[in-house]
Amino acid sequence: MPELPEVETTLRGITPALLNQRIAAITVRNPALRIPVGESVRKACGRSIARLHRRAKYLLIDTPPADNPSREDDGGLMIHLGMSGSLRICAPDSPLRRHDHVELSLQNGVCLRFNDPRRFGIFTWWDAPSETHPLLRELGPEPLGKAFNGPYLHRRARGLRVAVKNFLMDSRVVVGVGNIYASEALHLAGIHPVRAAGRVSLARYETLVAATREVLQEAIRQGGTTLRDFTAPDSQPGYFAQELRVYERAGEPCLRCGAQVRKRVIGQRSTYFCVNCQR
DNA sequence: AGTGCGGCCTGTCCGC
DNA sequence: TGCGGACAGGCCGCAC
């Protein structure tokens with residue numbers, strides 16, 4: 001399901017309800033996730049939530065120990081929504097849903113539930129600062145940060161023959177760009193998704209960086225993209241699907257030139273593009 | 001080292 | 001109405 005805008009929407013949705021609240025209990029109803037939910041998540045019990053933030057598509061809930069609240073990163077919960085995960089804020093007595101895996105009960109009575117039908121998500125505890133976690137250590141820059149720029153992409157792409165779309169979706173290169181937004185950004189930038197990453201000029205990488213930022217920021221503004229089942233923590237859908245230029249629009253006219261949008265599988269993922277506008 | 005692919009899961013939809 | 005197969009927004013780990 002979720003790419004960066006959906007994770008960001010989720011973060012913004014849960015933050016007001018969780019910030020500075022004490023965690024009273026954690027209930028694991030089904031530990032079967034990409035990483036099995038272990039007993040260690042209980043370490044968060046009794047601690048207060050000092051900060052909620054995001055790195056790539058990981059949601060990080062910092063719960064510093066009560067005896068030393070200034071050490072914000074000393075332990076916290078790490079959540080990844082995988083393909084089908086979602087978080088929702090609800091009352092403790094609200095009915096459980098199929099595939100509710102973990103539940104966080106706060107002292108103020110609010111409840112956070114993690115639901116994930118396909119179980120590709122993660123809900124885990126990490127003792128050390130989150131950036132030292134093996135899954136976060138090797139990640140590339142944030143797409144909305146300064147380190148993601150034309151010269152950087154151009155340099156990283158040197159000599160690579162992989163399709164530029166796969167390159168853009170490689171989390172060691174840049175994080176947060178998934179299958180929807182890769183197609184969208186490449187269309188906006190006028191770059192053919194199959195073009196070898198090493199054969200894209202610096203100028204066009206500058207354009208691609210701007211396009212990626214624009215697409216992601218607009219999607220965040222619209223509350224993410226709801227194609228099938230994404231909802232924010234308040235159960236509201238995202239509205240960016242209305243703005244999609246090529247994704248899932250095979251056969252329909254390109255909004256720029258009117259040619260038919262094509263669909264093609266690249267790296268086992270459906271890819272949408274306009275052969276006329278993208279070279 | 002870069003590249004491509006299988007696999008993890010369930011739910012939904014489509015064609016027969 | 002049932003059934004098999006394809007497909008779905010992520011990402012790791014492995015073989016070449």
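Just so it is clear: chains get the letters A, B, ... in the order the sequence lines come, proteins before strands, and each one is counted from 1.
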Fit a plane to each ring of A:His101 and A:His99, take the angle between them on a 0 to 90° scale, and name the class: parallel (under 30°), tilted (30 to 60°) or perpendicular (over 60°).
-> parallel
Atom-pair distance (OH on A:Tyr247; C1' on C:dC7), nearest Å = 10 Å
Is it true that A:Arg228 and A:Glu248 have a side-chain N and a carboxylate O under 4.0 angstrom from each other?
-> yes
Check the pair A:Glu131 / A:Arg137 against salt bridge (Lys or Arg N to Asp or Glu O under 4.0 Å), numbers first and verdict last.
-> CA-CA 6 Å; A:Glu131 63 268 19; A:Arg137 223 180 310 162; over 6 Å; no
Hey, does A:Tyr58 reach any base, or is it just sugar-phosphate, or nothing, if we go heavy atoms under 4.0 Å?
-> sugar-phosphate
Closest approach of A:Asp116 and A:Ser84, non-hydrogen atoms and distance?
-> OD1-OG, 2.6 Å
Check: B:dC9 base within 3.5 Å donor-acceptor of A:Arg119 side chain = no
Is A:Leu208 reachable from A:Val162 through a run of I, L, V, M, F, W or Y residues, each pair having side-chain heavy atoms under 4.5 Å apart?
-> yes
Looking at A:Leu135 and A:Ile35, what are the two nearest heavy atoms and their distance?
-> CD1-CD1, 4.0 Å
Contact under 4.0 Å: A:His99 side-chain N or O vs B:dC9 OP1/OP2 = no
Round to the nearest Å and state the distance from A:Phe230 atom CZ to C:dG10 atom P.
-> 13 Å
Protein-nucleotide distance (A:Ile79, atom CD1; C:dG10, atom P), rounded to Å | 18 Å
Please state how far atom CD in A:Glu138 lies from atom C1' in C:dC12, giving the value in whole angstrom units.
-> 13 Å
Polar side-chain atom of A:Glu184 near backbone of A:Ile180 as donor-acceptor pair, under 3.5 Å | no
Just need the stems in DNA chain B: three or more back-to-back Watson-Crick or G-U pairs, each with both distances under 3.5 angstrom, sorted by first number.
-> B:2-8 with C:10-16, B:10-16 with C:2-8
Are any of the side-chain nitrogens in A:Arg156 or A:Asp170 under 4.0 Å away from the carboxylate oxygens of its partner?
-> no
Run the salt-bridge test on A:Glu3 and A:Lys57 with the 4.0 Å N-O cut-off and return the result as yes or no.
-> no
Roughly how far apart, to the nearest Å, are C:dG5 and B:dG7 at atom P?
-> 15 Å
Can you tell me if the side-chain N/O atoms of A:Arg172 get under 4.0 Å from OP1 or OP2 in B:dG2?
-> no
For A:Phe120 and C:dC11, do the ring centres fall under 5.5 Å apart while the planes stay under 30° apart?
-> no
P-based separation of B:dT3 from C:dG9 [nearest Å] | 23 Å
Residues of residues 152-164 of chain A with any non-hydrogen atom less than 4.0 angstrom from an atom of DNA chain B: list those, numerically ordered, please.
-> A:Leu160, A:Arg161, A:Val162
Reckon A:Arg228 has a side-chain N or O less than 4.0 Å from the OP1 or OP2 of C:dC7?
-> no
When you check the gap from the basic side-chain N to the acidic O, do A:Lys43 and A:Asp127 get nearer than 4.0 Å?
-> yes
For B:dG6 and C:dA6, measure between their P atoms and round to the nearest Å.
-> 13 Å
Would you please confirm or rule out a distance under 4.0 Å between OP1 or OP2 of C:dG9 and any side-chain N or O of A:Tyr181?
-> no
Side chain of A:Arg98 only, please: which of B:dG11, C:dC12, C:dG9 is the nearest?
-> B:dG11
If we take the P atom in both B:dT12 and C:dC11, what is their distance in whole Å?
-> 23 Å
Salt bridge present between A:Glu103 and A:Arg113 (N-O < 4.0 angstrom) = yes
Indicate whether OP1 or OP2 belonging to C:dG10 is found under 4.0 Å from a side-chain N or O atom of A:Ser84.
-> no
In whole Å, what is the span from the CZ atom of A:Arg269 to the C1' atom of C:dC7?
-> 11 Å
Distance in angstrom units between A:Gln268 CD and C:dC7 P, rounded | 12 Å
Could you state the atom-to-atom distance from CG of A:Leu33 to C1' of C:dC11 in whole Å?
-> 15 Å
Whole angstrom value for the distance that separates C1' of B:dC5 from CD1 of A:Ile266 = 16 Å
